Amino acid sequence: MLDMKLIRENPEILTEALKRRHSHIDLTEFHANDRLRRELLIEVEALKNRRNEFSRVIGERKRNKQDAGDLITEMQVVSSRIKELDEQLQACEDTLNAFLLETPNIPLPDVPDGAGEQDNVEVRRWSEPRSFDFQPQAHWELGEKLDILDFERGAKLAGARFTVMKGAGALLERSLINFMLDLHTGKHGYKEIFPPFLVNADAMTGTGQLPKFEEDLFKTTMGYYLIPTAEVPVTNLHRDEILTDEELPICYTAYTACFRAEAGSYGRDTRGLIRLHQFNKVELVKFTRPEDSAAELEKLTTDAEEVLQLLGLPYRVMALCTGDLGFSSAKTYDIEVWFPQQGQYREISSCSCFTDFQARRAGIRYRPAPGRTEYVHTLNGSGLAVGRCLAAILENYQTADGSVIVPEALRPYMGIDSI
RNA sequence: GGAGAGAUGGCCGAGUCGGCUGAAGGCGACCGCCUGCUAAGCGGUUAUAGUGUCUAAUGGGCGCUAUCGAGGGUUCGAAUCCCUCUCUCUCCGCCA
């Protein structure tokens with residue numbers, strides 16, 4: 001959510017931002033409603049002021065056993081007028097609020113301009129894709145032949161876009177989760193969180209999934225939402241709180257399962273582990289002072305990169321352009337890992353700075369100085385998507401006979417050196 | 001699932017038959033005084049948001065409005081009365 005004052009006083013900033021995002025939102029109605037709101041507010045508050053004063057007088061007279069009938073009659077009229085105005089004001093604020101909830105964040109100045117994915121900019125690249133002296137197989141083929149991935153039975157149990165991990169596959173998944181959590185809590189200093197996987201609508205609104213992206217979410221009959229990422233419960237941990245200056249930055253890491261409806265991606269990545277309705281992810285979340293968020297995003301990204309480095313998986317880092325930027329994000333780096341069978345880099349982590357956009361929605365503030373409050377900046381990134389990481393390991397570490405070497409860093413967790 | 005109790009400021013905790021309670025009192029925290037130091041003691045400060053106006057070093061000054069779990073109702077007026085919902089606690093039942 002953006003600052004109403006900013007839109008009021010510097011509408012050109014938002015206009016410019018929307019243009020960079022290739023998004024078309026008309027501000028005329030907003031400005032009209034904003035003016036109307038303040039007019040109504042001035043009128044109704046003046047009346048309420050009168051009502052309060054007269055109530056005091058009425059109270060005094062009653063105590064002194066004096067008649068207050070004349071004032072009460074007058075106040076009846078005032079009160080009914082207040083009620084009318086309050087209703088108009090409410091309607092006006094609902095409209096403004098709906099607008100704010102559906103307006104995307106303003107990209108940071110250093111975000112490259114562009115219309116879509118093709119305009120993203122490569123920032124850096126780590127290691128070189130390995131050259132194969134045989135035809136590399138896709139991870140789903142390897143997984144099925146090794147009997148560690150079972151898509152058929154996943155479909156039997158739940159449907160398309162579900163899988164079952166078995167034996168060394170399940171062990172590898174679990175080892176990756178532990179490996180990532182150990183790295184982030186140990187070396188990088190994040191605090192581990194294990195949150196609920198189901199949350200309420202308020203939490204989903206706080207981080208920006210609702211109201212705009214409801215169709216991407218699974219919802220239970222009881223009204224709970226399944227989390228699409230740990231970002232939701234972990235960021236909302238501090239919803240409606242005022243943090244102290246000293247405790248910032250707060251850095252959390254969390255393993256959760258993630259659930260996505262994947263509406264609108266029907267034909268894409270129908271095979272393998274790339275796009276499932278349920279997948280595991282280790283997430284990194286930070287709450288920072290505004291002035292620190294840019295540097296913290298860089299650190300968060302390199303923290304995520306280190307997972308791939310330790311696993312020996314080639315990757316590149318992309319700066320998303322304005323046209324590809326997520327709704328709530330002000331700046332995003334995607335980390336893309338190499339998939340030999342597809343011959344391309346695929347997203348395995350998305351690291352974003354949301355500036356105060358989520359914090360304003362979720363009411364997450366801090367005290368920069370005694371007596372003052374300010375919104376924090378929130379950041380998050382995958383560190384990493386576990387299933388995609390497993391897939392990348394299978395493909396990059398496969399051998400000619402179809403077995404898979406276990407990366408050095410995972411051997412203490414796996415207890416075996418090949419699958 | 002059944003029965004009961006409760007939800008007030010950073011925390012604890014008062015709020016009588018609705019009226020000067022944004023909210024007593026205490027604790028904590030901060031500032032100042034005192035003290036050789038510490039402690040004790042004394043004085044003061046200590047919620048958030050919206051909005052008007054003034055000054056304009058955008059940081060405030062002076063006002064107003066709202067908020068006592070959330071929403072609605074009664075009333076000239078509600079933390080106080082009524083309804084709905086949410087959450088917490090206790091006991092019973094069930095259950096990984």
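What you see is a predicted model; the values in this text were computed from it and never measured. First the proteins, then the strands, lettered A, B, ... as listed; each starts at 1.
The phosphate of U65(B) has OP1 or OP2 within less than 4.0 Å of a side-chain N or O from Asn52(A). Phosphate contact (OP1/OP2 of C76(B), side-chain N/O of Arg56(A), threshold under 4.0 Å): absent. When the side-chain nitrogen and oxygen atoms of Asn200(A) are compared with OP1 and OP2 of U86(B), none of them lie within a distance under 4.0 Å. Residue Asn49(A) places at least one side-chain N or O closer than 4.0 Å to OP1 or OP2 of U65(B).
Looking only at atom types and distance, the side chain of Thr378(A) has no donor-acceptor partner in the side chain of Lys286(A) under 3.5 Å away. No side-chain donor-acceptor contact under 3.5 Å links Tyr252(A) and Asn380(A). The closest side-chain donor-acceptor pair between Glu291(A) and His377(A), if any, does not fall under 3.5 angstrom. Neither side chain, Tyr224(A) nor Asn200(A), offers a donor N or O lying under 3.5 Å from an acceptor on the other. In the model, Gln209(A) has no side-chain atom that pairs as donor or acceptor with a side-chain atom of Tyr225(A) under 3.5 Å.
Both distances falling under 3.5 Å, in either a Watson-Crick or a G-U wobble arrangement, place U65(B) opposite A49(B). Taking a pair to require two hydrogen-bonding distances under 3.5 Å in either a Watson-Crick or a G-U wobble arrangement, C37(B) remains unpaired. Across all strands shown, G25(B) forms a Watson-Crick or G-U wobble pair with C12(B), both key distances being under 3.5 Å. Remark: C76(B) base-pairs with G19(B); criterion is Watson-Crick or G-U wobble with both hydrogen-bond distances under 3.5 Å. In this entry A7(B) has U86(B) as its Watson-Crick or G-U wobble partner, both defining distances falling under 3.5 Å. C95(B) is unpaired under the Watson-Crick or G-U wobble criterion, no partner having all donor-acceptor distances under 3.5 Å.
For Glu45(A) against G52(B), no side-chain N or O and base N or O form a donor-acceptor pair under 3.5 Å.
Taking atom P on both nucleotides, A39(B) is separated from C33(B) by 15 Å, rounded to a whole Å. Here, A24(B) and G13(B) have their C1' atoms 10 Å apart, quoted to the whole Å. Look at the P atom in both C17(B) and C82(B): the space between them is 12 Å, to the nearest Å. The same atom, P, is picked in C81(B) and in U8(B); the two are 16 Å apart, to the nearest Å. On the P atoms, U21(B) is 30 Å away from U53(B), given to the nearest whole Å. Separation of the P atoms belonging to U86(B) and G22(B) is 31 Å when rounded to the nearest angstrom. Distance noted for atom P between G77(B) and G18(B): 15 Å (whole Å). One C1' atom belongs to A23(B), the other to U48(B), and the distance between them is 14 Å to the nearest Å.
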What's touching nucleotides 77-81 of chain B from the protein side, N or O pairs under 3.5 Å?
| unit_1 | atom_1 | unit_2 | atom_2 | d |
| --- | --- | --- | --- | --- |
| G77(B) | OP1 | Ser79(A) | OG | 3.1 |
| G77(B) | O4' | Ser55(A) | OG | 3.4 |

Pairs under 3.5 angstrom, nitrogen or oxygen only, protein versus nucleotides 47-49 of chain B, please.
| unit_1 | atom_1 | unit_2 | atom_2 | d |
| --- | --- | --- | --- | --- |
| U48(B) | OP1 | Arg367(A) | NH1 | 2.5 |
| U48(B) | OP1 | Arg367(A) | NH2 | 3.1 |
| U48(B) | O3' | Arg365(A) | NH1 | 2.6 |
| A49(B) | OP1 | Arg365(A) | NH1 | 2.8 |
| A49(B) | OP1 | Thr373(A) | OG1 | 2.6 |

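Residue-environment remark: CD (Glu152(A)) stays at or below the threshold of 12 foreign heavy atoms within 6.0 Å.
Checking G52(B), A66(B), C76(B) against every side-chain atom of Lys48(A), the shortest atom distance belongs to A66(B).
Aromatic ring pairs are classed by plane angle as parallel below 30°, tilted from 30° to 60° and perpendicular above 60°; the pair Phe327(A) and Phe357(A) is perpendicular.
If you check every strand for non-hydrogen atoms under 4.0 Å, Arg81(A) touches nothing. Leu71(A) comes within 4.0 angstrom of no nucleic acid atom, judged by non-hydrogen atoms across all strands. No engagement by Arg50(A) is indicated, since no non-hydrogen atom pair under 4.0 Å with the nucleic acid exists.
Atom CG of Leu18(A) sits about 8.0 Å away from atom CD1 of Ile106(A), to the nearest 0.5 Å.
Cation-pi contact between Arg51(A) and Phe54(A): absent, since separation from the ring centre below 6.0 Å together with deviation from the ring axis within 45° is not met.
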